[in-house]
Amino acid sequence: MFLTDPFFWEVVISGLLAGVMYSLVALGFVLIFKASGIFNFAQGVLALFAALTLVGFMDGQVPFAHVINEALGTNYHHWYETPGGGDGAPIWFVALSIAATTAVMILLAWLVVKVVLKPLVNQEGIILFMATIGLAFVLEGVGDLMWGANIKVLDIGLPSGPSDWIIDQTGMFVNKLEISAAVVAVILVVSLTLFSQYTKMGRALRAVADDHQAALSVGISLETIWWIVWSVAGIVALVAGIMWGASSGVQFSLSLIALKALPVLMLGGFTSIPGAIIGGLIIGVGEKLFEFYIGPMIGGATENWFAYVLALGFLLFRPQGLFGERIIERI
Amino acid sequence: MLYREAGDFKTTYRSDQQTFPIKSERFLFWAVIALVALAVPFFINDYLEKAVLIPFLVYAMAALGLNILIGYCGQVSLGTGGFMAVGAYATYKLMTGFEWMPMPVIIILAGFITASVGIVFGLPSLRIKGFYLAVATLASQFFLVWLFNKVPWFYNHSATGQITAPPREFLGFTLTGANAEPYATYLFCLGFVFVFAWVARNLTRGRIGRQWMAIRDMDIAAEIIGVNPLMSKLSAFAVSSFYIGIAGALYFSVWTGAAEVTEAFGIDKSFDVLFMIIIGGLGSILGSLIGAAFIVLLPVLMTNIFARWLGMSTEIAEHMQITIVGVLIIFFLIKEPHGIAALWRTIKEKLRLWPFPH
């Protein structure tokens with residue numbers, strides 16, 4: 001009876017698409033955890049920061065404008081008008097803004113490695129974890145100071161609204177934006193896999209992930225690798241920020257998607273890229289189905305905790321997650 | 001001539017093992033206690049009480065509890081906010097259900113209720129370790145907050161979904177409600193923190209504390225030498241939740257007097273308390289207190305500097321504050337990863353040898 005119910009399939013598909021969004025954030029976590037063993041709590045804020053910066057470039061906002069204005073009594077606000085007027089920016093401008101934001105994220109990664117991580121080499125995991133929470137605070141504060149805390153619209157010309165074709169064919173309501181997110185996620189995962197499997201840099205990354213000391217001894221610079229990893233994570237955060245920002249606006253709550261990505265990580269394993277994707281899909285479908293069928297009976301709004309409980313249930317049977325590396329403990 | 005050991009002879013095992021083995025340190029400790037217990041109540045006012053002292057005592061209690069779990073037993077937990085909510089709602093139900101019950105009994109009972117909830121949520125720790133456990137404890141955070149939000153029985157079906165503490169007296173002093181006297185609430189909280197800091201100190205250096213530390217340092221090795229991981233981990237969860245439950249109870253009944261669960265006991269509470277013990281020092285009783293003082297005082301200080309002296313708008317001041325807290329956290333972690341308590345230990349070492357360098 002479930003399988004013939006169109007609602008069931010609609011819920012499953014919306015769950016899958018939401019799951020893809022979770023996976024996008026989880027990917028950034030996995031990349032950093034694999035390469036440096038750091039549980040990067042700032043990943044969500046990184047996405048927020050990237051999205052804020054992109055909006056800033058697209059609108060031509062002057063960074064720190066409201067701080068400068070308040071301190072000096074001036075009235076700066078914009079460098080330039082968005083080309084294209086009201087009906088969407090031209091594609092070259094969007095590409096330019098994204099490139100500029102990418103450059104900012106790479107610069108940020110360099111700063112993070114130099115200022116935060118390098119002095120903390122060889123510290124325990126929890127200390128590094130706390131440092132990334134500190135980093136999350138700094139990024140949140142600086143992001144708001146730079147670009148203002150109001151809710152911003154991010155429109156880079158992705159298709160949105162319900163897809164007519166799918167409604168005609170199946171009668172189901174599916175948002176085009178979510179489909180493009182899924183496509184982008186697939187492209188991202190494929191390119192990340194190609195990068196880590198077939199390039200010299202990717203091999204170095206895997207070497208570091210495997211064994212820090214052995215990698216150092218064959219002449220791989222840890223600092224450079226960390227810089228690259230944080231840059232890649234920054235770019236993944238940018239993609240996640242664009243997708244989430246396009247669907248619900250760029251605002252502080254964007255950084256909370258990190259909390260949605262954590263159960264995905266638990267489920268998929270902290271060290272597995274396919275795990276992040278499949279974990280995201282399971283969590284997405286699971287929480288939507290639970291909310292749809294069981295939620296109304298117990299008061300609704302179960303999405304906040306169901307993912308965690310589901311992941312917890314999985315972990316009781318597989319403590320390393322679905323695809324995580326087997327935990328071998330020695331004395 | 002602080003911290004001189006010369007001439008301070010120990011003749012019994014007991015005096016050798018006491019918490020403050022140096023005479024001047026003992027003197028300093030009791031002087032501080034006398035100051036906070038006997039002098040502060042005479043010049044305490046509403047602002048000092050509600051913005052500084054009570055928050056400090058409540059968070060100190062929570063930090064003590066979390067430090068037992070993370071600092072001594074090594075089980076990272078991010079569910080502090082949820083457990084504080086359990087303490088607060090237990091207090092509310094007890095206060096409204098049993099009106100004759102004296103406040104200290106209610107608060108201790110709320111602690112025990114939280115402890116039993118903590119044991120349940122501590123069960124996964126037997127199987128899940130490290131960051132997986134940290135993320136798993138978030139389940140308790142989100143689930144408990146959702147539960148208190150959705151089941152009307154917990155907030156006595158009140159229309160707003162809020163819980164409000166009814167006025168209660170203890171020994172003739174009003175402790176809760178609008179007419180509570182600042183000195184009474186302050187001394188009430190101080191009493192709890194003093195007693196339970198003392199209990200925590202003695203728990204952690206006794207048999208059970210050593211079991212916790214063995215589990216923290218390497219759980220498999222501890223198991224092999226005969227430490228029961230089930231008992232140690234669950235007892236750490238129980239004791240820690242007991243403390244956190246008391247903190248939640250005091251937070252709700254004495255400090256704020258009213259609470260709305262998503263707002264008061266959100267995940268930011270969990271992180272605040274975690275900051276306290278990291279900045280103060282993991283595995284240190286003194287560290288929990290210093291960390292709580294630091295995290296409570298810093299925003300008060302910064303609000304005063306930015307908003308009052310420099311005249312910034314509240315929005316910018318708030319963002320500056322977040323940034324500075326973040327910078328300070330990173331700075332402290334880099335400079336002293338073992339917290340301010342470790343800094344204090346270094347200072348003490350230096351003082352003992354002063355004026356000689358070695």
Side-chain angles (χ1 to χ4, degrees), chain A residues 33 39 41 66-67 70-71 115-116 118-120 123-145 148-149 256 259 262-263 265-266 269-270 298-302 304-312 315-317 319-321 324 327 329-331, chain B residues 70 74 76 78 123-124 126-147 149-152 218-221 224 267 271 274-275 278-279 282 310-313 315-316 318-335 337-338:
Chain A
F33 192 82
F39 188 81
F41 191 78
H66 62 290
V67 182
E70 193 173 294
V115 178
V116 183
K118 201 172 164 228
L120 286 175
Q123 291 292 351
E124 289 163 57
I126 178 142
I127 304 280
L128 289 162
F129 169 61
M130 290 304 295
T132 63
I133 299 182
L135 182 67
F137 274 50
V138 174
L139 284 181
E140 189 196 322
V142 171
D144 285 344
L145 286 174
L256 298 180
L259 295 177
L262 293 179
L265 285 174
M266 271 165 79
F270 285 169
I298 53 172
T302 56
N304 268 341
W305 58 266
F306 178 73
Y308 284 97
V309 176
L310 184 71
L312 195 58
L315 278 200
L316 290 180
F317 296 99
Q320 71 274 39
I327 302 167
E329 286 181 281
R330 292 193 181 86
I331 296 193
Chain B
I70 300 185
V76 183
L78 296 174
L123 282 173
L126 300 173
R127 190 118 169 86
I128 306 171
K129 287 168 189 171
F131 283 118
Y132 285 98
L133 178 68
V135 180
T137 54
L138 277 175
S140 63
Q141 167 73 42
F142 290 115
F143 178 74
L144 289 169
V145 165
W146 175 85
L147 188 72
N149 215 1
K150 289 292 171 192
V151 182
M218 185 174 245
D219 54 352
I220 295 183
I224 288 168
I267 184 152
F271 282 123
L274 191 61
F275 285 148
I278 302 259
I279 286 182
L282 285 172
L310 299 180
M312 289 186 194
S313 69
E315 192 196 335
I316 292 181
E318 194 183 311
H319 296 151
M320 292 284 275
Q321 196 175 315
I322 298 174
T323 314
I324 291 176
V325 170
V327 170
L328 279 177
I329 289 170
I330 295 174
F331 175 79
F332 267 108
L333 288 176
I334 291 172
K335 284 292 159 209
H338 301 289

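Proteins come first, then strands; the chains are lettered A, B, ... in the order of their sequence lines, and each starts at number 1.
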Checklist entry - What part of B:Ile70 gets closer than 4.5 Å to chain A, counting heavy atoms only: side chain, backbone, both or neither? => result side chain
Item to check | Part of B:Leu333 within contact of chain A (heavy atom distance under 4.5 Å) | outcome: both
Item to check | Part of B:Ile322 within contact of chain A (heavy atom distance under 4.5 Å) | outcome: both
Next on the checklist: Quick check for you: to the nearest 0.5 Å, what is the distance between A:Met266 atom CE and B:Leu133 atom CG?
Outcome noted: 8.5 Å
Item to check | Which atom of A:Val138 lies closest to which atom of B:Gly326, heavy atoms considered | outcome: CG2-C, 3.4 Å
Checklist entry - Which region of B:Val76, side chain (C-beta onward) or backbone (N, CA, C, O), has a non-hydrogen atom less than 4.5 Å from a non-hydrogen atom of chain A, or is it both or neither? => result side chain
Checklist entry - What part of A:Ala131 is in contact with chain B, defined as an atom under 4.5 angstrom from a non-hydrogen atom: side chain, backbone, both or neither? => result both
Checklist entry - What distance separates B:Gln321 CD from A:Phe137 CZ, expressed to the nearest 0.5 Å? => result 10.5 Å
Item to check | B:Asn149 portion near chain A, given a 4.5 angstrom heavy-atom threshold | outcome: neither
Checklist outcome for this item: In short, B:Ala139 meets A:Leu312 closest at the heavy-atom pair CB-CD2, 4.2 Å
Item to check | Point-to-point distance, once rounded to the nearest 0.5 Å, from CG of A:Leu315 to CD1 of B:Ile128 | outcome: 4.5 Å
Next on the checklist: Tell me whether the rings of B:Phe271 and A:Phe129 are parallel (<30°), tilted (30 to 60°) or perpendicular (>60°).
Outcome noted: tilted
Item to check | Spacing of A:Asp144 atom CG and B:Thr323 atom OG1 [to the nearest 0.5 Å] | outcome: 8.0 Å
Item to check | Of A:Tyr308, A:Trp305, A:Phe306, the residue whose pairing with B:Phe143 passes side chain to side chain contact (heavy atoms under 4.5 Å, CB included) | outcome: A:Trp305
Checklist outcome for this item: The interface call for A:Leu262 against chain B, heavy-atom contacts under 4.5 Å, is both
Checklist entry - Side chain, backbone, both or neither: which part of B:Ile279 has a heavy atom under 4.5 Å from chain A? => result neither
Checklist entry - Rounded to the nearest 0.5 Å, how far apart are CD1 of B:Ile267 and CG of A:Leu259? => result 5.0 Å
Checklist entry - Between B:Phe142 and A:Val309, is any pair of side-chain heavy atoms under 4.5 Å apart? => result no
Checklist entry - For A:Glu140, what residues pass the side chain to side chain donor-acceptor pair (under 3.5 Å) criterion, not counting sequence neighbours? => result none
Checklist entry - At their closest point, which heavy atom of A:Met130 faces which heavy atom of B:Ile329, and how far apart are they? => result O-CG2, 4.0 Å
Checklist outcome for this item: Between A:Val115 and B:Ile334 the two heavy atoms that sit nearest each other are O-CD1, 3.4 Å
